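Each remark here refers to the structure printed beneath this line.
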2 protein chains.
Amino acid sequence: MKIDPNSPADLSAQIAKAIRDAIMSGDLLVDERLPSEAELSEQFDVSRPTVREALKRLGAQSLIRTQRGATGGAFVNRLRFEDAYGQQITTSTLLLSMNDVSFGTACEARYALERSCATLASERRTADHLATMRAETHRQSQPGLTDEAFCASDVAFHRALVDAAGNPVISYQLAGAVEAMQPLMNMITFSARSRETIVGFHSQITDALEQRDGAAVDLQLSALADYANTLAQSVIDARQVAKANS
Amino acid sequence: MKIDPNSPADLSAQIAKAIRDAIMSGDLLVDERLPSEAELSEQFDVSRPTVREALKRLGAQSLIRTQRGATGGAFVNRLRFEDAYGQQITTSTLLLSMNDVSFGTACEARYALERSCATLASERRTADHLATMRAETHRQSQPGLTDEAFCASDVAFHRALVDAAGNPVISYQLAGAVEAMQPLMNMITFSARSRETIVGFHSQITDALEQRDGAAVDLQLSALADYANTLAQSVIDARQVAKANS
DNA sequence: CAATTTTCATTTGTCAGACAATTAAACGTC
DNA sequence: GACGTTTAATTGTCTGACAAATGAAAATTG
């Protein structure tokens with residue numbers, strides 16, 4: 001392996017890329033041990049701190065894990081869906097907050113994607129999924145609930161719906177879409193009346209899922225999306241009025 | 001800011017988390033400059049290499065960028081959709097290859113998610129989208145095309161379809177689903193006959209999109225998904241027969 | 001011989017200090 | 001004022017060292 005010391009990129013970035021490529025191409029297999037930091041620094045002809053910076057980069061992407069001790073070292077990590085959820089949520093949340101994505105756009109994406117599992121979920125939902133959804137819906141109807149707790153429960157409800165589709169790839173992809181919306185949804189569930197309506201939608205969705213009526217699930221999700229958009233629009237309008245008055 | 005030297009986690013991981021939290025909570029704004037490495041090492045009471053390892057972790061997630069020179073330093077990065085595409089594709093590809101996800105599961109996820117933009121795409125597609133899709137479809141009908149080139153064109157076709165929905169959040173989410181499937185799709189497009197059928201589907205999808213017939217797009221995508229699954233099954237069966245004979 | 005304890009080599013984690021490379025601002029010069 | 005020069009700040013890299021963890025081998029003990 002060779003590294004170009006005159007490249008515009010940092011040495012540690014080049015080394016990280018070389019190892020990442022080796023992992024993605026299959027040259028390095030899952031759980032395979034990388035050479036020790038001392039060996040790597042010899043192979044790439046750089047110092048140990050530089051190698052370490054490269055390894056930290058890969059560790060941040062969950063591509064490797066490290067272990068201290070005699071038989072320790074850096075190992076190619078088996079990337080699990082659960083590990084990837086966190087990164088996906090972090091990235092999605094920042095994408096929404098840093099790019100001035102409108103509530104309408106985010107909402108449209110979320111429900112468009114979520115509706116895609118309506119059919120699968122009605123075919124495969126288990127009693128467990130229904131129980132989780134009913135439990136969360138019941139929690140959401142409690143009067144004393146804070147906005148944050150209501151939204152967390154809302155996320156749990158929709159996660160159960162997505163998981164009911166029984167496809168881990170779909171669950172992973174939708175984790176970002178559903179969870180990253182939570183901060184944005186906070187602003188539209190402040191009133192008891194809107195909560196009541198949302199709880200109503202959730203009940204109907206669960207009923208339709210129990211009867212394995214995919215079309216009805218899809219219809220209710222669509223109606224819920226419309227309602228969320230209407231609420232958001234009214235919040236935005238109210239803000240503009242308040243701004244004009246001040 | 002304080003760091004616990006007795007924590008089980010590495011110091012650099014703790015520092016990275018502290019800064020990451022500050023970014024996500026809004027304490028650090030986009031394009032804001034972080035303290036210099038020397039100042040950070042004082043604040044956290046660790047050495048400069050440790051601070052640097054933490055910064056490399058954040059850089060690997062595109063949360064910060066660094067610049068050398070007098071007015072340089074580490075700056076909070078505006079995370080752009082284009083930047084996130086790459087990470088999303090890397091992660092999705094590794095998830096599929098490292099978790100023994102069956103072709104059927106991946107295919108189901110991909111088409112379920114892609115169908116979710118059929119309606120939006122037929123409402124919003126422009127002449128540009130149609131032109132891209134027709135150009136890629138035409139390329140796919142050329143006889144001399146390698147399997148890799150055919151699949152790359154296939155990805156471009158579907159990317160255009162997704163982009164036609166005009167929602168950057170959906171495009172981002174589907175980038176992983178569509179692009180990560182490419183290596184898996186390679187194995188089912190080897191014969192001239194299957195290519196011909198796929199090109200036929202692509203033509204019909206483009207036609208339906210031109211006529212703004214969302215239901216027809218959805219139908220054709222569903223049929224394409226079924227066909228891909230059938231092909232994949234026949235490939236798997238053929239392999240098992242070959243195995244039994246050897 | 002078996003079980004337990006001790007020692008030891010290996011590896012990552014952290015630190016200190018140094019120098020090189022880069023960059024923009026401050027400074028002089030014309 | 002325009003244009004080079006110096007300078008200070010900052011990241012990138014290197015060297016060398018020690019601490020902490022950890023499993024394996026060696027020594028000890030019953």
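A, B, ... follow the sequence lines: proteins, then strands. Residue 1 opens every chain. Atom set for the values below is all heavy atoms of this structure, side chains included, hydrogens, waters and symmetry mates excluded. What you see is a predicted model; the values in this text were computed from it and never measured.
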Side-chain donor/acceptor contact of B/Arg48 with base of D/dG12 under 3.5 Å: yes
Rounded to whole Å, please give me the gap between CD in A/Glu39 and C1' in C/dT12. 13 Å
Could you tell me how far apart B/Leu40 (CG) and C/dT14 (P) are, to the nearest whole angstrom? 16 Å
Given D/dA19, D/dT13, C/dA24, identify the nucleotide with an atom nearest to the side chain of B/Thr71. C/dA24
In this structure, how many angstroms lie between the C1' atom of D/dT13 and the CG atom of B/Leu55, rounded? 15 Å
From the list C/dT11, C/dT14, D/dT13, which nucleotide is the closest neighbour of the side chain of A/Arg33? C/dT11
Answer whether the closest heavy-atom distance between the side chains of B/Thr50 and B/Ser41 falls below 4.5 Å. no
Assess whether side-chain hydrogen bond (donor to acceptor under 3.5 Å, both in side chains) is satisfied between A/Ser12 and A/Arg57, documenting all intermediate values. CA-CA 9 Å; A/Ser12 67; A/Arg57 294 177 118 108; 2.7 Å; yes
Exercise: do B/Asp163 and B/Ser171 side chains pair donor with acceptor under 3.5 Å: yes
Per A/Glu53 side chain, nearest of listed nucleotides C/dT14, D/dA8, D/dT13: D/dT13
What's the CG-P distance between A/Asp45 and D/dG12, to the nearest Å? 20 Å
Quick one about B/Gln87 and A/Gln88 (side-chain donor to acceptor, distance below 3.5 Å, no hydrogens or angles considered), yes or no? no
By nearest atom, which of the nucleotides C/dC15, D/dG12, C/dT12 is closest to the A/Ser36 side chain? C/dT12
Measure from the side-chain heavy atoms of A/Thr50 and tell me the nearest of C/dG13, D/dC14, D/dG23. D/dC14
B/Leu11 side-chain proximity, nearest of C/dT14, C/dT23, C/dA9: C/dT14
Atom CZ of A/Arg52 to atom P of D/dC14: distance rounded to whole Å? 15 Å
Could you please name the option among C/dG13, D/dT11, C/dA24 that lies closest to any side-chain atom of B/Asp10? C/dG13
Nucleotide of C/dT14, D/dA8, D/dT13 approaching B/Ser47 most closely (side-chain heavy atoms): C/dT14
Shortest side-chain distance from B/Gln67, nucleotide among C/dG13, C/dA24, C/dA21: C/dA24
Give the rounded distance in Å between these two atoms: CZ of A/Arg65 and P of C/dG13. 13 Å
Just the rounded figure in Å: distance from P of D/dT10 to CG of B/Leu34. 13 Å
Taking D/dC14, C/dA21, C/dG13 as options, the one with an atom nearest any side-chain atom of A/Thr66 is C/dG13
Is a donor from one side chain sitting under 3.5 angstrom from an acceptor on the other, for B/Thr132 and B/His129? no
Between C1' of D/dG12 and NZ of A/Lys56, the distance in whole Å: 18 Å
DNA chain D: B/Pro49 or B/Ala74, which has the more 5' nearest nucleotide? B/Ala74
